[in-house]
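Report on one structure; see the data block that follows.
Read the numbers this way: they start at 1 and go in the same order the structure lists the ligands and their atoms.
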Amino acid sequence: MKIGLTCYPTYGGSGAVATELGIALAARGHEVHFISYEHPFRLPHFLPRVYFHEVSIGTYPLFEYPPYDLALAVRMHDVVLAHELDLLHVHYAIPHATSAWIAKEMLREQGRRLPVVTTLHGTDITIVGQDQSYRAITHFSIEKSDRITAVSEWLRAETISTFACECPVEVIPNFVDPAVFDRTRHGAALRQELGGGLPVLMHISNFRPVKRVCDVVRIFARVRASRPCVLVMVGDGPDRHAAEEEARRLGVFADVRFLGKIDSVAPLLAAADVYVFPSESESFGLSALEALASGVPVVAAKVGGVPEVVRDGVTGALLPLGDIDGMAAATARFLEPAVWAAASAAATADARARFATADVVARYEALYADARAHVR
Ligand code: GMT
């Protein structure tokens with residue numbers, strides 16, 4: 001099959017999932033065409049059967065806001081024709097599902113019927129989709145998609161209740177490649193490098209307010225008060241400065257390593273002991289899944305789709321949102337060797353059993369076949 005994939009190319013879960021999906025589809029013999037304004041951050045520069053088409057946004061002095069969504073629609077239309085694509089799969093509703101609908105209608109005029117699959121990732125429904133500026137177009141674009149998927153049961157329910165959707169929303173969860181996120185593949189050297197022999201707590205995100213990175217620092221400070229350990233913060237974003245300030249204020253700055261953005265996080269996760277994930281809202285929590293696959297127990301706030309990923313008391317611990325003391329106590333518990341060993345083994349096994357790439361990608365393939373058979 002020839003598939004067009006559109007996602008945000010920047011650091012974040014939806015772009016990571018779309019890129020990993022494209023790579024997996026190409027490995028299974030499909031031809032994959034990424035269409036976006038930049039090369040997706042997780043996409044290596046060459047892979048067989050993988051192509052990248054950059055959207056160039058024409059400017060004109062009149063345009064205070066150049067219309068990216070239209071330029072994207074035109075690029076989608078052109079790539080579909082030039083490469084005879086069978087289907088477009090867009091990740092994150094706004095503006096990708098809208099652009100895909102425009103491309104679909106342009107192609108219809110030329111007697112070509114193109115199925116569009118939209119995968120909802122979270123904030124496209126919970127934040128952007130509920131902003132009055134985008135609400136109606138989000139609803140419209142979802143309804144116009146041939147197939148809609150959501151990454152968790154929680155997000156499916158949110159979508160249906162937010163828009164009173166008539167259309168079916170299928171849950172296809174995010175996935176993880178056990179060959180990449182593999183503790184045994186990456187040596188212990190990096191753990192030694194990062195922690196100097198001390199336990200390593202880790203957090204990876206885009207440091208947006210929803211991630212509550214200051215809570216990560218507070219949890220660490222509580223754990224650090226009772227035993228030596230280090231915190232590794234991976235990523236960057238609006239709250240980085242606040243997190244650094246909080247670490248200084250709490251007197252733990254010397255034990256916190258702010259690494260900035262790193263594209264390839266598998267070796268880092270393999271060097272971690274506990275993953276700290278106190279987000280205010282998460283439709284899924286891809287980084288938590290990648291931690292689990294790497295044998296790292298996850299301590300998280302019990303929000304959104306996180307309970308569908310982390311098994312409380314088995315592969316991690318789920319605490320009420322903002323319960324810093326509870327999350328610190330759970331983190332400290334996982335640093336006890338016997339508790340850690342059991343949770344780590346359970347985390348790897350559960351991630352592989354429920355979220356392996358091959359199983360999830362096969363579900364997308366079946367969905368594509370169905371969308372092509374029943375294209376509107
Ligand atoms: O977090 C965002 O602002 C958007 C989005 C992204 O592109 O990273 O994240 C969402 O999609 C991820 C991949 O499906 C999920 O793992 C994240 O939980 C979800 N973020 C939120 O729901 C806040």
For ligand 1, is there an N or O atom under 3.5 Å from any N or O atom of [X]?
X	answer
V151	no
G12	no
S14	yes

Tell me the protein heavy atom at minimum distance from [atom], and give that distance in Å.
atom	value
atom 22 (O) of ligand 1	S283 N, 2.9 Å
atom 8 (O) of ligand 1	G13 N, 2.5 Å
atom 1 (O) of ligand 1	R208 NH1, 3.8 Å

(message) Restricting to salt bridge (Lys or Arg N to Asp or Glu O under 4.0 Å), what partner residues turn up for R222, sequence neighbours left out?
(response)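 Salt bridge (Lys or Arg N to Asp or Glu O under 4.0 Å) list for R222, sorted by chain: D325.
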(message) Under the rule for salt bridge (Lys or Arg N to Asp or Glu O under 4.0 Å), what residues qualify as partners of E244, not counting sequence neighbours?
(response)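 R240.
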May I ask you to check whether [X] and [Y] show a side-chain donor-acceptor distance below 3.5 Å?
X	Y	result
Y8	S14	no
H203	S205	yes
H30	E365	yes
H96	H91	no

(request) Give the numbers and elements of all ligand 1 atoms closer than 4.0 Å to a heavy atom of N174. (result)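 Close to N174: 13 (C), 14 (O), 16 (O).
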(message) So if I count the atoms of ligand 1 from 1 in the order they appear, which ones are less than 4.0 Å from some heavy atom of G285?
(response)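 Every atom of ligand 1 under 4.0 Å from some heavy atom of G285: 15 (C), 16 (O), 17 (C), 18 (O).
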For [atom], which candidate among [options] holds the nearest heavy atom?
atom	options	answer
atom 4 (C) of ligand 1	T123, L286, V309, L120	T123
atom 23 (C) of ligand 1	S152, S281, G122	S281
atom 13 (C) of ligand 1	E282, H121, H91	H121

(request) Please check atom 11 (O) of ligand 1 for a protein heavy-atom neighbour under 4.0 Å. (result)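 Under the 4.0 Å cut-off, atom 11 (O) of ligand 1 does have protein heavy-atom neighbours.
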(message) Can you tell me which portion of I127 lies within the under-4.0 Å heavy-atom range of ligand 1? Options are side chain, backbone, both, or neither.
(response)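 No part of I127 is near ligand 1 at this cut-off.
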(message) In terms of relative ring orientation, are H89 and Y368 parallel, tilted or perpendicular, with 30° and 60° separating the classes?
(response)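 Plane angle over 60°, so perpendicular.
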(message) Quick check: closest heavy atoms across L120 and A93, and the distance to 0.1 Å?
(response)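 Shortest heavy-atom separation between L120 and A93 comes out as CD2-CB, 3.9 Å.
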(request) Taking N174 for its side chain and L286 for its backbone only, find out whether a donor-acceptor pair lies under 3.5 Å. (result)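 No.
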